[in-house]
Amino acid sequence: DVKVTQSSRYLVKRTGEKVFLECVQDMDHENMFWYRQDPGLGLRLIYFSYDVKMKEKGDIPEGYSVSREKKERFSLILESASTNQTSMYLCASSLLAGGEETQYFGPGTRLLVL
Amino acid sequence: RKEVEQDPGPFNVPEGATVAFNCTYSNSASQSFFWYRQDCRKEPKLLMSVYSSGNEDGRFTAQLNRASQYISLLIRDSKLSDSATYLCVVISTSGTYKYIFGTGTRLKVLA
């Protein structure tokens, strides 16, 4: 079974803090993704990576950055947290680049920015 | 217009009922389709892929209609445990492939 883990289930941070969300997958997947999920808006792609040290912007990258130094680990960084970044953050991975691979999700991190 | 649209529901159905959801997509170049299930406060999990010829997995049947650009999910003999939000996912290729998630349809199966 694919296992995708995220470093925290719940986080509370203050406005202006730097926030690190970590994601690890144990199935040697090429692709990794960061989404946020908000009521009525569904899942929105923040960034994705199809290889170590590679990253691509998704639909809403503003205010975020990512790091992929190792294949199994994909980090999402909020440089200066703001209240509108309060959300559920979901990491996902998929096996190969090229279109038809299903994504496997981690359990999510609920982030509250005060 | 959203790239992928779903009726948010909720669909409230009694146990044993048959229920169907549709999901429409706007990009005719979309090539792969999935249904995911998401329980309250949990992550989405793959329910089934959707193939052109239609496919069935137990009580669940998925269909694709390329001409009208929609996919459907039929659940027969609904169980209480089927209560969840069902997300449709469309993979489109415009340069790079892109997963597009619908906002989900909420199903409540009532005893």
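Naming convention: chains lettered A, B, ... in sequence-line order (proteins, then strands); numbering from 1 in each chain.
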Side-chain heavy atoms nearer than 4.5 Å, only ILVMFWY residues, links allowed to pass through others: does that put [X] and [Y] together?
X: A:Met54; Y: A:Met32; value: no
X: B:Ile100; Y: A:Leu45; value: no
X: A:Val4; Y: A:Leu76; value: no
X: A:Phe105; Y: B:Tyr86; value: no
X: A:Leu111; Y: A:Tyr35; value: no

CA sep, side-chain torsions, deciding dist, call: B:Leu87, A:Leu43, side-chain contact (heavy atoms from CB on, under 4.5 Å):
CA-CA 10 Å; B:Leu87 308 175; A:Leu43 276 81; 4.1 Å; yes

Heavy-atom pairs under 4.5 Å with chain B: which of A:Met88, A:Gln37, A:Arg110, A:Arg44 has the most?
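The candidate making the most pairs under 4.5 Å is A:Arg110.
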
Kindly say whether B:Lys45 contributes a backbone atom to a donor-acceptor pair with the side chain of A:Tyr104 at under 3.5 angstrom?
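No, A:Tyr104 side chain to B:Lys45 backbone: no donor-acceptor pair under 3.5 Å.
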
Proximal to chain A - members of residues 68-83 of chain B, heavy-atom separation under 4.5 Å
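The list, in residue order, is empty: none.
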
Atom CG in A:Leu90, atom NZ in B:Lys42: separation rounded to 0.5 Å?
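Reported value, rounded in 0.5 Å steps: 13.0 Å.
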
Can you tell me how far the CD atom of B:Glu43 sits from the CD atom of A:Gln103, to the nearest 0.5 Å?
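If we round to the nearest 0.5 Å, B:Glu43:CD and A:Gln103:CD are 13.0 Å apart.
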
A side-chain contact here means heavy atoms from C-beta on lying under 4.5 Å apart; do A:Thr102 and B:Val89 qualify?
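Not touching, per the 4.5 Å side-chain cut-off.
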
Pick one of side chain, backbone, both or neither for B:Pro8, based on which atoms fall under 4.5 Å of a heavy atom in chain A.
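Looking at B:Pro8, nothing touches chain A.
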
Under a 4.5 Å heavy-atom cut-off, does chain A meet the side chain of B:Phe33, its backbone, both or neither?
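Contact with chain A is absent: no heavy atom of B:Phe33 under 4.5 Å.
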
Would you confirm whether the ring centroid of A:Phe48 sits within less than 6.0 angstrom of the ring centroid of B:Tyr99?
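For B:Tyr99 and A:Phe48, the ring centres are not under 6.0 Å apart.
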
For a quick test of your reading: what N or O donor-acceptor pairs under 3.5 Å do the side chains of residues 101-111 of chain B make, sequence neighbours left out?
residue	atom	partner	partner atom	Å
B:Thr105	OG1	B:Gln6	NE2	3.4
B:Thr105	OG1	B:Asp7	O	2.5

